[in-house]
Novice: 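Have a look at this one.
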Amino acid sequence: MRQTQEFRLPFSLRKSFKKAVKLEWITLGYLVSVIILMNLVMGSSQAMKTAWLEDALSTLPAMAFLIASRYFEKPGNKRFPYGFHRVYSIAFLAGSLALFSMGCFLAIDSSLALINVERPTIGSVFIFGQQLWMGWIMILVLVYSAIPAMWLGNKKMPLAKKIHNKILFTDADTQKADYQTAFAAMIGIIGVGLGFWWMDALAALFISISVIKDGLNNLKNAVSDLMDRTPMDVTSSHPDELVDEIIRIMDDLPWVEEVKVRFREQGMVFFGEVYVVTKTVQHLEALIKEAQDNLQEFHWKIHDVCIMVVKDFDQMREEE
């Protein structure tokens with residue numbers, strides 16, 4: 001049985017990958033501190049409870065990335081001949097499903113708070129003999145939950161694009177937008193302070209809808225990748241230009257008459273087939289082997305490619 005060749009990130013990308021791992025460890029430590037602080041101050045505020053649960057969920061992409069990073073370079077074996085590259089795709093699916101499920105729960109919980117007219121109370125505490133409204137402390141904690149997260153998101157975004165890692169990109173994109181959650185929760189808390197009890201549950205509902213939207217979008221992309229969708233860029237919004245580059249390279253070969261390709265994503269790398277109609281040439285087997293080697297050397301993401309000679313594309317056109 002043919003096994004895919006062993007994969008190692010190029011030396012030029014290993015530094016970026018190690019930096020991403022380091023940032024995810026920092027993210028985990030930071031989020032744990034946020035979760036603890038929010039749990040201490042949230043009281044009966046629905047908005048704070050929702051923001052707290054969202055921050056708790058935010059640990060999942062970081063943990064999934066770190067776990068997957070220990071397996072994706074393992075070589076293939078008889079049981080897993082294609083290797084373990086899809087561990088990142090599985091991590092992406094698990095994180096997306098958790099995010100979407102919790103968003104639905106939070107939306108229902110917030111809606112029930114509005115329907116049942118649950119009025120949150122935000123008390124006061126004495127600090128150094130001075131009475132202080134707990135709402136201000138909550139707002140400070142929310143600021144702490146947003147600003148470092150935005151910084152971490154901005155740091156991880158270019159790394160995710162560089163190593164074509166979608167779970168890292170999703171994590172970075174979510175953290176970049178974390179200020180929206182914090183801002184919504186702040187409005188809810190201030191609303192309670194002004195006597196508008198419903199603003200707290202409404203803010204929680206806004207946060208939960210945002211979580212559902214992110215979770216559903218990520219879930220759709222994760223399932224599509226596992227169903228062998230054509231490779232997309234790391235944002236999952238456009239087809240990856242590398243596939244067109246492969247077609248161009250093969251089309252430029254003097255012994256190739258016509259070419260079609262079929263590629264899919266396996267985590268950070270691409271697997272696929274190149275079908276060619278060839279001209280009458282000698283030493284075709286050597287030319288195919290040379291073309292295959294050149295493709296894999298062209299870009300690190302082209303990990304496993306098989307070039308097959310076909311008589312014509314009529315059958316393939318019928319399938320399409």
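What's counted below: heavy atoms across the whole structure, side chains too, no hydrogens, waters or symmetry copies. All values derive from a computational prediction rather than experimental measurement.
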Novice: Do N39 side-chain atoms and I35 backbone N/O form a donor-acceptor pair below 3.5 Å?
Specialist: no
Novice: For M250 and L295, what are the C-alpha separation, side-chain angles and deciding distance, and is it a side-chain contact (heavy atoms from CB on, under 4.5 Å)?
Specialist: CA-CA 9 Å; M250 292 300 299; L295 278 179; 3.9 Å; yes
Novice: Which is it for T278 and E257 under the side-chain contact (heavy atoms from CB on, under 4.5 Å) test, yes or no, and what are the steps along the way?
Specialist: CA-CA 5 Å; T278 64; E257 184 75 37; over 6 Å; no
Novice: Of all heavy-atom pairs between A113 and Q46, which one has the smallest distance, and what is that distance?
Specialist: CB-OE1, 4.0 Å
Novice: For the residue pair G103 and S208, what are the closest heavy atoms and their distance?
Specialist: O-CB, 3.8 Å
Novice: To the nearest 0.5 angstrom, please state how far the CD1 atom of I209 sits from the OG atom of S111.
Specialist: 7.5 Å
Novice: Roughly how far, to the nearest 0.5 Å, is CZ of R248 from CG of D251?
Specialist: 10.0 Å
Novice: Are D240 and F270 side-chain neighbours, meaning at least one heavy-atom pair lies under 4.5 Å?
Specialist: yes
Novice: Using a cut-off of 6.0 Å, state whether more than 12 heavy atoms not belonging to Y144 lie near its atom OH.
Specialist: yes
Novice: Could you report the tightest heavy-atom contact between I207 and A47, atom names first, then the distance?
Specialist: CD1-O, 4.1 Å
Novice: Would you check if the side chain of N294 reaches a backbone N or O of F298 as a donor-acceptor pair within less than 3.5 Å?
Specialist: no
Novice: How long is the span from the CG atom in D109 to the CG atom in L205, to the nearest 0.5 Å?
Specialist: 10.5 Å
Novice: Within this structure, what is the CG-CE distance for the pair L140 and M186, rounded to the nearest 0.5 Å?
Specialist: 8.5 Å
Novice: Rounded to the nearest 0.5 Å, how far does CG of L57 lie from CG of L31?
Specialist: 10.5 Å
Novice: Can I108 be reached from L114 by stepping across I, L, V, M, F, W or Y side chains whose heavy atoms are under 4.5 Å apart?
Specialist: no
Novice: Is V305 linked to V259 within one hydrophobic cluster, defined over Ile, Leu, Val, Met, Phe, Trp and Tyr using a side-chain heavy-atom separation of less than 4.5 Å?
Specialist: yes
Novice: Compare all side-chain heavy atoms of S45 with those of I189 and state whether any distance is below 4.5 angstrom.
Specialist: yes
Novice: Tell me which pairs pass side chain to side chain donor-acceptor pair (under 3.5 Å) where either residue lies in residues 90-101, with sequence neighbours left out.
Specialist: none
Novice: Would the number of heavy atoms belonging to other residues, nucleotides or ligands and lying under 6.0 Å from NZ of K279 be above 12?
Specialist: yes
Novice: Step by step, work out the side-chain contact (heavy atoms from CB on, under 4.5 Å) result for M227 and V223.
Specialist: CA-CA 6 Å; M227 290 180 66; V223 170; 3.8 Å; yes
Novice: So which atom in M42 and which in K49 form the shortest heavy-atom distance, rounded to 0.1 Å?
Specialist: SD-CA, 3.8 Å
Novice: Walk me through it: do K289 and D293 pass the test salt bridge (Lys or Arg N to Asp or Glu O under 4.0 Å)?
Specialist: CA-CA 6 Å; K289 180 65 169 62; D293 291 341; 2.8 Å; yes
Novice: Less than 4.5 Å apart, any side-chain heavy atom of M63 and any of L28?
Specialist: yes
Novice: If we ignore hydrogens and angles and just use 3.5 Å, is the side chain of T59 paired with the main-chain N or O of A56 as donor and acceptor?
Specialist: yes
Novice: Would the number of heavy atoms belonging to other residues, nucleotides or ligands and lying under 6.0 Å from NZ of K155 be above 12?
Specialist: no
Novice: Hey, does Q296 have a side-chain heavy atom less than 4.5 Å from the side chain of H303?
Specialist: no
Novice: Would a 4.5 Å heavy-atom cut-off, applied to side chains only, mark L99 and N218 as touching?
Specialist: yes
Novice: Can you establish whether the number of heavy atoms outside W136 located under 6.0 Å from its atom CH2 is more than 12?
Specialist: no
Novice: Where do F263 and E273 come nearest, in terms of heavy atoms and distance?
Specialist: CE1-O, 4.1 Å
Novice: Flag the pair I36 / W52 as yes when at least one side-chain heavy-atom distance between them is below 4.5 Å, and no otherwise.
Specialist: no
Novice: Please output the side-chain donor-acceptor pairs of residues 156-171 that fall under 3.5 Å, not counting sequence neighbours, one pair per line with the distance.
Specialist:
| from | atom 1 | to | atom 2 | distance (Å) |
| --- | --- | --- | --- | --- |
| K156 | NZ | E24 | OE1 | 2.9 |
| K156 | NZ | T27 | OG1 | 3.0 |
| K156 | NZ | D171 | OD2 | 2.8 |
| K156 | NZ | Q175 | OE1 | 2.7 |
| H164 | NE2 | E265 | OE1 | 3.0 |
| N165 | OD1 | I167 | N | 3.4 |
| N165 | OD1 | L168 | N | 3.0 |
| K166 | NZ | D225 | OD1 | 3.4 |
| K166 | NZ | D225 | OD2 | 3.0 |
| K166 | NZ | S236 | OG | 3.3 |
| K166 | NZ | E265 | OE1 | 3.4 |
| K166 | NZ | E265 | OE2 | 3.0 |
| T170 | OG1 | K166 | O | 2.9 |

Novice: Can any side-chain N or O of Y30 pair as donor or acceptor with the backbone N or O of S145 at less than 3.5 Å?
Specialist: yes
Novice: According to a 4.5 Å side-chain heavy-atom criterion applied to Ile, Leu, Val, Met, Phe, Trp and Tyr, with indirect links allowed, do I246 and I288 form part of one hydrophobic cluster?
Specialist: yes
Novice: F17 and I26: same hydrophobic cluster, using ILVMFWY side-chain contacts below 4.5 Å?
Specialist: yes
Novice: Consider only side-chain heavy atoms of I, L, V, M, F, W and Y, link residues closer than 4.5 Å, and tell whether W300 and F72 are in one cluster.
Specialist: yes
Novice: Between F105 and F100, is the gap from one ring center to the other below 6.0 Å?
Specialist: no
Novice: Taking everything shown except R229 itself, do over 12 heavy atoms lie less than 6.0 Å from its CZ?
Specialist: yes
Novice: In the structure I gave you, are the side-chain heavy atoms of V274 and M308 within less than 4.5 Å of one another anywhere?
Specialist: no
Novice: Run the ring-centre check on H85 versus F271 and record whether the distance is less than 6.0 Å.
Specialist: yes
Novice: Check whether the side chains of S69 and Y88 place a donor and an acceptor atom closer than 3.5 Å, and report yes or no.
Specialist: no
Novice: Hey, could you give me the CD/CZ distance between Q180 and F206, rounded to the nearest 0.5 Å?
Specialist: 6.0 Å
Novice: Less than 4.5 Å apart, side chain to side chain, heavy atoms only: is that true for F65 and V21?
Specialist: yes
Novice: So, K301 and E245, do they make that salt bridge, N to O below 4.0 Å?
Specialist: no
Novice: Take L142 and M38 through the test side-chain contact (heavy atoms from CB on, under 4.5 Å) and record every step on the way to the result.
Specialist: CA-CA 8 Å; L142 286 168; M38 280 197 172; 3.4 Å; yes
Novice: For F84 versus P75, what's the shortest heavy-atom pair and its separation?
Specialist: CE1-O, 3.6 Å
